[in-house]
Each structure stands twice: as structure tokens, then as C-alpha cells.
Amino acid sequence: MSMEQQLERLAQLKQRAALGGGQSRIDRQHAQGKLTARERIALLLDNGSFNELDALAVERGGDDGEALYGDAVVTGWGSVDGRTVYVFAFDFTVFGGSLGAVVADKITKTMDLAVRNGAPLIGLNDSGGARIQEGVGSLGGYGDIFLRNIYASGVVPQISLIMGPCAGGAAYSPALTDFIFMVDGSSQMFITGPDVIASATGETTTADDLGGAMTHAAKSGVAHFAIKGEQTCIEEVRRLLSFLPANNLETPPYVDTGDTVDRRIDDILSVVPEIATMPYDVRDVIERVIDNGDFLEVHAAFAQNIVVGFGRIGGHSVGLVGNQPMYLGGVLDIDASRKAARFVRFCDAFNIPLVTLVDVPGYLPGVSQEWGGIITHGAKLVYAYAEATVPKVTVITRKGYGGAYVAMGSKHLGADVNYAWPAALIAVMDGPSAVRIINRRELNAADDVEATRAKLAADYKERFEHPYIAAAKGYVDDVIDPRDTRIKVARALAMLRNKSQILPARKHGSVPL
Ligand code: HXC
């Protein structure tokens with residue numbers, strides 16, 4: 001064959017690979033409002049930066065037994081904002097994006113490259129799960145991927161996009177990654193679908209109700225983001241990457257945000273009401289503290305009583321955790337503890353300092369919480385904060401009561417710099433609750449119970465409910481003017497930039513999972 005013929009043959013093979021399962025299936029994908037694997041990769045990566053691997057890996061057994069070049073996944077590497085990432089995108093036009101040996105081999109090769117070379121791994125999922133015709137070979141393929149997900153955990157960021165149905169094994173690999181983005185309206189995740197559920201338990205449900213984006217973003221917490229439209233979803237992934245380092249040995253990239261750190265936040269006093277029970281949106285505080293108010297909230301629809309997400313202070317990435325008084329009074333419950341604990345551990349794994357804003361009435365009392373294991377789940381948050389060795393800066397803005405005071409990045413759990421605002425209420429519990437317990441006899445004997453209760457609560461507030469006992473003991477390092485919060489936090493983070501803390505050697509801790 002002449003070189004010309006050789007090139008012609010190569011072009012034909014590449015052309016076949018690019019067509020995946022054929023034009024009619026591509027048309028069907030588009031008709032469902034979904035993009036193809038290659039179109040998605042093109043949106044995710046910088047223009048022209050994609051280098052495909054294994055486009056010519058071959059699976060026999062397409063229509064009429066013809067060879068399927070590339071099989072049901074497109075893999076390779078490219079860049080996002082000039083930084084290398086590894087990517088695999090399931091091709092639903094080939095056997096419904098189902099996973100057999102060739103698909104698994106292509107994905108595991110990409111994963112190995114990502115870990116060996118220390119760059120994020122991004123999976124675009126749209127898959128019918130295990131390829132039924134391949135039997136146990138396909139189950140094994142999933143196992144090979146899971147193993148690598150776990151070995152990569154805490155080494156390189158792993159991000160999953162769910163852009164179509166993800167059944168069975170196709171749901172578990174994303175579950176082992178750090179962040180799950182679901183396209184609202186066109187993606188579902190479930191272990192068993194509606195038909196299997198109907199025959200197993202008699203429950204009737206739809207695919208979307210069972211495992212759609214909002215179900216997982218708000219109810220189960222499986223998804224961190226539910227975003228309408230594939231393009232917007234992919235843009236948010238690019239934004240998330242901008243806050244993250246390439247791997248656990250690097251620090252996140254510095255970004256010149258143009259926002260000075262010596263900026264007072266004068267209007268902060270009008271954001272947080274003085275009356276401790278009055279709600280406000282903690283995001284209004286977060287957005288004033290970080291550069292240009294640029295906040296990427298994670299898990300926004302799940303456990304809304306706590307807010308977590310990424311921002312920058314002085315151009316450096318930070319992970320922010322704040323109780324949300326606007327929702328359930330900002331109380332800590334099972335879901336809030338799980339959500340925040342997971343976020344804190346991610347930040348710690350990837351060298352992202354933690355800034356915590358505390359305004360918490362306590363852990364949520366209730367039979368369902370106790371039976372649901374609030375003790376174990378609440379302990380996760382305590383564990384995560386204590387284990388984190390990244391710089392930790394905490395500001396108590398209003399309430400810091402009980403066990404929740406300890407859990408929320410307190411000095412006792414190893415926070416580096418702790419501040420309180422002057423109106424902070426740091427105590428075992430609030431005044432009315434406290435006097436009910438410690439002044440029961442006086443209240444029982446009182447002629448005017450209400451007046452006595454009010455007086456006792458006022459005395460308690462004077463004696464216990466302020467930041468100065470904590471300041472006297474060094475549990476807060478300073479009581480600060482709220483308007484200086486951004487300046488003080490930025491200076492603390494700058495002071496901590498070279499922090500190095502090594503915990504006692506061990507195989508790993510035993511997190512109360
Ligand atoms: C082989 C599959 C397939 C699969 C779909 N296809 N799923 N081929 N193995 N698992 C093929 C179909 O035959 C069809 O081929 C094409 O993909 C598109 O599928 P449709 O059903 O026409 O598409 P749609 O109506 O959009 O429905 C998509 C779907 C459905 C919801 C994903 O196909 C489905 O329920 N599939 C099975 C899901 C499942 O139970 N998977 C196994 C899970 S168990 P043609 O030729 O017509 O285009 C599992 C265990 C892993 O994953 C455990 C790991 C430890």
C-alpha cells in the first residue's frame with residue numbers, strides 16, 4: 001500500500017470510530033436533547049486540546065457483527081484553562097454506553113495515566129451499566145474501575161458528570177468520586193430501575209422521580225450539583241476545576257482576582273441581625289468575606305442548614321463552611337454533618353484551607369435523629385475537622401452553643417486561628433433553656449414565674465453568653481469588629497500559608513462511617 005493509501009485507510013478507520021454506533025443513533029441522542037460523547041468532550045476541554053487514546057480499540061459484535069472502533073467510550077487527555085485533565089466519556093450510541101471489557105480497559109488505562117501523572121480525572125457518564133452480553137467480564141471491568149477510583153481518591157480530584165441514564169455499575173463508579181454533577185431533566189442514577197423495583201417491592205415510580213437530578217441533589221445527597229443544560233453543567237465543572245489543585249502534592253492555583261484583602265466590609269453589620277433567633281442568609285456573609293463575592297456552592301439543595309463551597313481570599317482558594325440560620329435555624333443534623341464532614345475531608349486532602357463561619361444553635365434534638373444515628377453522623381464532622389491539617393480559620397459570628405460549638409472548627413479540634421464577633425453567644429446552651437435546668441427550684445417557688453425567668457435569663461446572659469469567657473481561656477484568639485472579618489481572615493490565612501502539621505503515623509484512622 002502506498003502512503004497515500006495508508007493515510008486513506010487510517011482516515012476511514014478514524015471516521016468509523018467517530019461515528020460510534022452510527023448516524024441514526026447519533027440522531028436519536030440529539031433528539032433526546034443530549035450531546036454525543038465527542039461533543040461533550042469538545043465543550044469541556046480547551047479548543048483543540050483533546051488527544052484521544054484507543055480510538056482504534058475494537059469490539060466485534062456491532063450490527064451484523066461488524067467491528068466497533070473505540071467501543072462505547074471516548075478516552076484521552078486535554079486541558080482546561082491550560083491545565084491537563086484526563087477524561088472518559090461514555091458513548092450511548094454504542095450498546096447504550098454499556099460497559100464491557102474493551103470499555104473497562106480504555107477507562108482503566110486513562111485512570112492509571114491520571115494518577116501516575118497527577119492530574120484530575122473527569123468522567124462523563126451516559127450508560128446502561130454492565131454490558132449484558134459480556135456477563136461476568138463486564139462485572140469484572142467495573143471492579144477494576146472501582147479499585148482505581150479508590151486508589152485515586154485523595155490523590156487527584158475525580159469529577160463525574162451524569163448526562164443520561166446511569167444504571168447499576170454506572171452509578172457506583174461516580175459514587176466513589178469527589179463530585180457528581182447531574183444534568184437536570186436528562187439524567188438518572190439508580191442501582192435498580194423502576195421496573196425491577198415494581199417487581200421486587202411493588203412500589204411504582206418513574207425514572208426521574210427515583211433517581212433524577214433533583215432527587216439526588218436534594219433528597220439523597222448523592223449529587224453535589226443539579227444543573228439544567230449540558231453546556232451549563234460542563235461550564236460549572238470547568239469553574240470547579242479552577243479552585244482545585246491538580247493533585248494532592250500541589251496547592252490550588254493562585255488567581256489574581258483584583259480584590260484587595262485590606263477591604264473592610266462595612267455593611268456586614270446590617271446582614272447579621274442582633275437578635276439571635278432572627279434568620280439571615282449566611283451566603284450574604286460568605287460573599288462579603290471572599291474575593292468579589294465569587295462563591296461556588298457545593299451541595300446547595302441538600303441539607304440546606306449548612307452551606308459549603310469554594311471561594312478565594314487574596315487570590316487563594318478556600319473551602320467555606322457556614323451554618324445557615326435561614327434554614328432550620330442553622331441546626332446541625334444528620335445530613336448537615338455528613339455534608340460538611342465530606343467537604344472538610346475533601347479540602348484537607350487537596351490542600352485547601354478551611355474558613356468556618358459559626359452561628360449554630362446545637363445538634364438537632366429528636367427521636368428520628370437519634371434513631372437515625374446522629375451520634376455517629378455528628379461524630380463524622382468532629383472527626384473531619386480534627387483530622388484536617390490544612391490551615392483552619394474559624395469566626396463565631398453569633399451563636400456557638402454546646403457540642404456544635406466544639407464541632408464547628410473550634411480551637412479544641414485544632415483550628416489555627418479562632419475569632420469571635422463581640423455579640424457572639426458562646427455557651428453550653430441559650431439562656432431560657434439553661435435557667436429551666438439550673439434554676440428549676442427558684443422557678444417553681446416564684447410568684448411571678450415569667451418575670452423570674454426573664455431576670456434569670458438576663459443574669460445568665462450577662463455571666464455566660466458572650467465571647468469573653470472563651471477569649472479569657474484562649475479558646476478564641478481575639479474578639480474582632482465584624483467589619484474587619486475579611487481583613488483578619490485574610491491575614492490569618494497568609495500567616496498560615498506554610499503550615500505543616502503531621503499527625504502520628506498510622507495506616508489510616510477509623511472514621512465513624
Ligand atoms: C447491552 C444495552 C444495555 C446493556 C442498553 N443497551 N443497555 N446493551 N447491555 N446493559 C442497548 C440497547 O439494547 C439498545 O441497543 C441501546 O443500548 C439503547 O438502549 P434503549 O433501551 O433503546 O435506550 P433507552 O430507551 O434510552 O433506555 C436506556 C436504559 C435501558 C434505561 C439504560 O436501555 C436499560 O434499562 N438498560 C439496562 C440497564 C441495566 O439493567 N443494566 C445492567 C445493570 S447491572 P440498540 O441496538 O437498540 O441501539 C450492573 C451491574 C454492575 O450494571 C455491578 C458492578 C459491581
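As the structure is a prediction and not an experimental result, all values here were calculated from the model. All values below come from the heavy atoms of this structure, side chains included, with hydrogens, waters and symmetry mates left out. Whatever order the structure lists them in is the order used to number ligands and atoms, beginning at 1.
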Tyr172, portion touching ligand 1 at heavy-atom distance under 4.0 Å: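 For Tyr172, there is no contact with ligand 1 at all, from either part.
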
Within reach of ligand 1, part of Ala130 (heavy-atom separation under 4.0 Å):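 Ala130 to ligand 1: contacts from backbone and side chain alike.
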
Full working for ring pair (Phe, Tyr, Trp, His ring centres under 6.0 Å) between His216 and Phe225: CA-CA 9 Å; His216 284 311; Phe225 300 90; over 10 Å; no

Nearest option to atom 44 (S) of ligand 1, as decided by whichever heavy atom of Gly164, Gly21, Pro165, Gly168 sits closest: Gly168

Residue selection (non-hydrogen contact nearest atom 53 (C) of ligand 1) among Leu139, Ile132, Ile191: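 It is Leu139 that holds the nearest heavy atom.
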
Cationic N near anionic O, under 4.0 Å, Arg238 to Asp46: yes

Salt bridge Asp71-Lys106, side-chain N to carboxylate O under 4.0 Å: no

Exam field: side chain Asp54 to backbone Ala57, donor-acceptor pair closer than 3.5 Å: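 Flag not set: sc Asp54 to bb Ala57 has no pair under 3.5 Å.
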
Over 12 foreign heavy atoms within 6.0 Å of CG, Asn47: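 Result for CG/Asn47: open.
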
Atom CG of Leu10: over 12 foreign heavy atoms under 6.0 Å: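 Check passes, neighbour count above 12.
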
Output the list of atoms in ligand 1 that are nearer than 4.0 Å to some heavy atom of [X], sorted by atom number.
X      : value
Arg28  : 18 (C), 22 (O), 23 (O), 24 (P), 25 (O), 26 (O)
Gly128 : 7 (N), 10 (N), 32 (C), 37 (C), 38 (C), 39 (C), 41 (N), 42 (C)
Arg25  : 45 (P), 46 (O), 48 (O)
Phe146 : 55 (C)
Gly96  : 11 (C), 16 (C), 17 (O)
Gly129 : 52 (O)

Heavy-atom side-chain proximity of Leu99 to Arg131 below 4.5 angstrom: no

Under 3.5 Å: N/O of Gly169 near N/O of ligand 1: yes

cation_pi(Arg25, Phe92) dist<6.0 Å, angle<=45: no

